[in-house]
Structure formats: C-alpha cells, structure tokens
Amino acid sequence: MENTLSTILQQNSDSLNYLLPEIILVITFLETIVADLFWKKKEITLFVTFFGLAIALLANVAQLGVTDKLLFNGMLQFTAVAVVYKLLSIAAALVALVVLLSEKSLLNTAKGIGEYCTLVLGLTIGCQFMCLATNLLSIYVAVEMVSLAAYLLVAYKSADKKATEGAIKYVLFGAVASAVLLYGISLVYGLTGTLLLIDSNFLANLSKAPLGLVAIALVFILGGIAFKLSVVPFHFWTPDVYQSSPISVVVLVSSVPKIAAFALLTSFLGIFSFQLSNGPLIWPHFPWQNVLAVLAILTLSIGNLSAIGQHNVKRLLAWSSIAHTGFMLLAVVAFSISGHIALLFYLLVYVVMNAGAFFAVLLLEKQYKATTIQDYSGLGAKAPLVAVMLVICLVSLIGLPVTAGFVAKFLVFSTVLDAYAINANPILLAALILGAVNTVISLFYYFKIVVFLFLKKQASTLEQVATVQLWEKGVLILLVLIIVLLGLLPSTLIAFISGIVNVKSAMILY
C-alpha cells in the first residue's frame, strides 16, 4: 500500500513538470487579484494579466519538443499537438486583451477591470485543460470551468439590459448542454466501466454494448462539445450573445473556447479512428463521418443563409462565425492527418481575421457610434484606413486570394476531396459542393458591408465622437498584415504544423 501510494505521489509530482504554463496562469490569476486589491490603477492589473499570459505562451513554446506523456494517472495527456492548441488559445486571449484597451465602456465600468481579468485567466486555464483532458471526468470539469467564466464575462456589463438578456440565454442553453454532456458521460461510463478514454477496454466494452444506447451516449457527448463550437443545432445562443456583449468579450468567447473545443473533439474522435496506409479506419459501430458531415453542412449553410438578412454588424459576424465553424468541422470530417493540419491552420487564421474584423467594427463604433450596416453609409471616405482594413478582413473571411482565408479554405476543400477519393462516400462530395456554394453565398452579405462603406452616399447623420489612436491603427494594420502574409507565404506555417501533427502520439489519428 505504501509503495503504491508512493508511486502515485511520484507520478503526480512528475506530472506537474508538464503543467508549467498552467501553473504560471494560476499564479497570474492570484497576482491579478492581489494587484486589483492593493493597486487601484487598472493599468497595473492589465499589465499583470497580459504579462502572465505572455509568459505562459513562451512556456508552451518551450514544450513543443517535449516527449508525449500521460499525466495524473491518465486524467490528462500531454502531446505536441495539444501544446499547439494551447498556444493558439493563449494567443487568442492576448489578442482579446489588446482589443479590450480600446473599449472604454468596459474599462470604466463600475465593477472595475480586476474581475474581468481574473475571468479571462480562468477561462484560459479551463481551455488549457480542455486541450489536455483524456478522462471523461477531467473533460467535464474543464468544460464547466470554461462555461462558468464565459457566462460571467458575457454578463459583465450587468447594468446593460441587452447584455443581461444575452447572458441569460447563454446560461440557459449552456445549462442544458452541460446536462446533456454529463448524461452522455454517465451512459458511456455505465457501458464501458471506465472514464479513461485511452483505456484498452474502452472500445472493446463499448463495442459489446447495445448499439442504440451507444449512439445516444455518443450523440449526447458530441452535443455537449458542439455547444462550445456553436454547431447547428446548438448555435441559438450565438447571435444574441455576440450582439449584446462588448466586442472584446466577443473576440474572446468566439475564439478561445472554440479552439479548446476542437482540441477536445479531435482528441475524443482519435479514440474511434485508426490511420492505415490506404486511409482512415473509423470505428464501425457509429457513423462518425456521416454525422459530422451532416452537422458541418447544416452549420455552414444555416450560418451563411441567416447572415444575409442581418442589419446589425455584430450579429452578421456572429452568423459568419457559425458558418466558419462549419468549414472547420469539414476538416475534421476527413478523418486524416492532412485534415488535422488544415484545421489547425484554419483556427490560427480564424483567430486573426475574426479579431481584425471585430476590432475594425469596434473602432467604427467608437468613432461614429455606427452599429448597423446602414450606419456604415459613406464611412469609407470618413475613416478610410479602418474601412480598408475591415474590407481586407472580410475578403479573407470570404476566402478570396491572396488572403490567409483563401489558403485555409483551400486546405479544407483539398483534404475533403482526398477523403472522398479514398472511400467515395457521397456525403463527402455533397459537403464539398455545398462548401463551395456557401463560399459564394457569403459574398452577398460580406460585400453588402463594402457597398455601404464605399458606394453608398452619406445618408446618415452620424458625426465623429472620438478619434482612433495611433496604436489602435497599428494593431489593426498588424492583424491585416498577418492575414496577407499568411495568404502569400503559408508554406512555413503549414510545414511547422505538419511536423507537429505527423509526430505519432498515444492518440492514433488525432
């Protein structure tokens, strides 16, 4: 007994060495609380938060070459691929903090900024563990940690009735999704007798269980993850939350949890798939590829079609975000290493172009209080730099050359086409065709913004109420520059991602 306890304690101690980025974030979380208590200047609190996130980012970079390892007796699994997801989530959180610096209404709220920073850190910590989780219990705890922080962030401006309404809808849908996820986990545990996904008996016991119960359990777990991704039909909260929330919160919630959810999804699907020389072998007792393909088609189609009739710019971009989730889900549907590479590249590009678009929208709202597409009439002449940067972000979101969005969508279409060539699954061909059709559909609502910016006469009476500072222009230009550079020179980044993904880990395919 003593030897067993000693061994467990030693394993847990060794596991802590792999959690340096998470430990840094926890320390930063505590330091942020102390800074907010003893130094009332919000600049100090923001600096502590930003510095801690930056150090955690560097700590993750240092771990890219570290050997894969199971942590805490299988509760977590450290892999190079998980580190890439963690890097992306921290980078997205840093971008959201930069956007926050321009949002005076949030910076000057009566609550102060200390609680906001701690919530950002709490959400990021939860996402880090979502990227590592391989035990159904650790998965649920990490997802709930992210959910609670996201609910509080959305409701941070509680004095705003719209923000409160959006937060209530988010909490209600989130509670249902959490219950569905927990019920699915309970069923899987009952059917397999284990919570550990990489347990050798997990698939064996699941294969012996009644197929109807297995299908219900897996659909419920998939539904819980789909809520974090805004996958149809778990997307209803997204437009209301995006429209009612501060833009810095939108940038955060639309990217960081989504990255972690895709990390969790690919890790979970990796249990059910094996990479053979002639293509993937998917667990035959559940039609993973068909289910995910249908969800991807519905998500990108409903997202794009719903965006056409929107007038509020933030709401339009919310539906656009849903559509992009559908495109990223197409990369997962391929069940291939090239699909995973396309997904990671798309996620990075999405973080940049999504942040760039929302930041430009924030600056136009700050300058002219413009919130609807009609308010944008003639603003291209009044704010040419911001308007042009917004247009480039929109072009990338469409997926036109020579932007990073084009490369991202090209990689996704290529990997789906390769998957279709291997198994001739007609639903993959349908997904490919509808993906191309939806790219054309997106032209209508994205270019509607361009038309109002540059081709419509000044119909509104909006007057300038604030000026865009030099650093804000610099940040926006930097985001757009990254979009263009990744569109022109994507090979280095793709090669880096390929080198990471091609390294075999305990997860056979993903």
Side-chain angles (χ1 to χ4, degrees), residues 95-96 98-109 154 157 160-163 165-166 238-254 306-321 353-398 442-477 479-480 483:
V95 172
V98 173
V99 174
L100 169 65
L101 296 177
S102 286
E103 204 147 27
K104 299 300 181 184
S105 62
L106 194 55
L107 284 173
N108 299 325
T109 182
V154 171
K157 292 178 68 175
D160 188 331
K161 290 183 179 180
K162 288 185 178 180
E165 181 184 348
T238 310
D240 291 320
V241 168
Y242 282 33
Q243 183 178 355
S244 62
S245 300
I247 286 183
S248 58
V249 173
V250 174
V251 171
L252 187 76
V253 173
S254 66
S306 300
I308 293 176
Q310 302 303 318
H311 298 287
N312 183 280
V313 180
K314 287 166 67 178
R315 196 173 184 88
L316 183 150
L317 290 177
W319 285 108
S320 162
S321 174
M353 60 188 183
N354 182 64
F358 274 111
F359 192 44
V361 169
L362 172 61
L363 295 181
L364 289 176
E365 185 177 333
K366 174 184 175 181
Q367 268 190 294
Y368 298 98
K369 293 192 178 298
T371 57
T372 67
I373 296 177
Q374 288 73 21
D375 291 338
Y376 282 15
S377 299
L379 286 187
K382 285 190 169 185
L385 176 63
V386 176
V388 169
M389 296 298 106
L390 175 58
V391 169
I392 296 174
C393 291
L394 296 178
V395 168
S396 184
L397 286 166
I398 295 169
S442 67
L443 284 166
F444 291 95
Y445 61 85
Y446 283 127
F447 271 107
K448 183 165 65 173
I449 297 176
V450 179
V451 168
F452 274 88
L453 279 172
F454 293 101
L455 301 180
K456 291 283 185 179
K457 293 182 179 180
Q458 182 64 38
S460 67
T461 57
L462 295 177
E463 297 295 333
Q464 183 170 336
V465 295
T467 57
V468 176
Q469 299 179 36
L470 184 61
W471 73 266
E472 292 172 325
K473 294 179 181 178
V475 169
L476 185 57
I477 290 172
L479 290 171
V480 170
I483 290 171

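Just so you know, these numbers come straight off a predicted model, no measurement behind them.
Pairs of residues two or more places apart, or lying in two chains, never qualify as salt bridge (Lys or Arg N to Asp or Glu O under 4.0 Å) while including a residue from residues 442-453. The list of salt bridge (Lys or Arg N to Asp or Glu O under 4.0 Å) pairs with a residue in residues 355-364, not counting sequence neighbours, is empty.
Once rounded to the nearest 0.5 Å, the distance linking CG of Leu101 with CG of Leu106 reads 10.5 Å. Between the CD1 atom of Ile477 and the CG atom of Leu470 there is a distance of 8.5 Å, given to the nearest 0.5 Å. Once rounded to the nearest 0.5 Å, the distance linking CG of Asp240 with NZ of Lys314 reads 11.5 Å. The OG1 atom of Thr372 sits 10.5 Å away from the CD1 atom of Ile449 when rounded to the nearest 0.5 Å. Taking CD1 from Ile373 and CG from Leu453, the interatomic distance works out to 9.5 Å, rounded to the nearest 0.5 Å. Atom NZ of Lys366 and atom CZ of Phe359 lie 7.5 Å apart (nearest 0.5 Å).
Between Gly380 and Ala387, the shortest heavy-atom contact is CA-CB, 3.7 Å. Between Leu394 and Tyr446, the closest heavy-atom pair is CD2-CD2, 3.6 Å. The nearest pair of heavy atoms linking Gln243 to Arg315 is OE1-NH1, 2.8 Å. In this structure, Gln310 and Trp319 approach most closely via the heavy-atom pair NE2-NE1, 3.4 Å. Summarising the geometry of Cys393 relative to Gly356, their closest heavy-atom pair is SG-C, 3.6 Å, with the distance given to 0.1 Å.
Paired with Leu364 under the rule side chain to side chain contact (heavy atoms under 4.5 Å, CB included), one option of Asp375, Val468, Val386 passes, and it is Val386. With Val99 as the partner, the side chain to side chain contact (heavy atoms under 4.5 Å, CB included) test is satisfied by one option alone out of Val475, Leu479, Leu362, Leu363: Leu362.
Residues satisfying the side chain to side chain donor-acceptor pair (under 3.5 Å) test with Ser306, not counting sequence neighbours, are none. Residues passing the side chain to side chain donor-acceptor pair (under 3.5 Å) test with Ser245, sequence neighbours excluded: none. Residues satisfying the side-chain contact (heavy atoms from CB on, under 4.5 Å) criterion with Phe447, sequence neighbours excluded, are Ile398, Leu400, Leu443, Val450.
A heavy-atom distance below 4.5 Å is not found between the side chains of Thr371 and Val313. No side-chain heavy atom of Val480 sits less than 4.5 Å from a side-chain heavy atom of Met353. Side-chain contact between Leu476 and Leu385: absent, with no pair of heavy atoms (C-beta onward) separated by less than 4.5 Å. Here the side chains of Tyr242 and Leu316 are not in contact, with every heavy-atom distance at 4.5 Å or above.
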Extract all donor-acceptor atom pairs below 3.5 Å that involve side chains of residues 246-254 and protein atoms in other chains or at least two apart in sequence.
from, atom 1, to, atom 2, distance (Å)
Ser248, OG, Glu103, OE1, 2.8
Ser248, OG, Tyr116, OH, 3.3
Ser254, OG, Val250, O, 2.6
Ser254, OG, Val251, O, 3.3
Ser254, OG, Asn354, ND2, 2.9

**Request:** Given side-chain contact (heavy atoms from CB on, under 4.5 Å), test Phe358 with Val95 step by step and report yes or no.
**Result:** CA-CA 11 Å; Phe358 274 111; Val95 172; over 6 Å; no

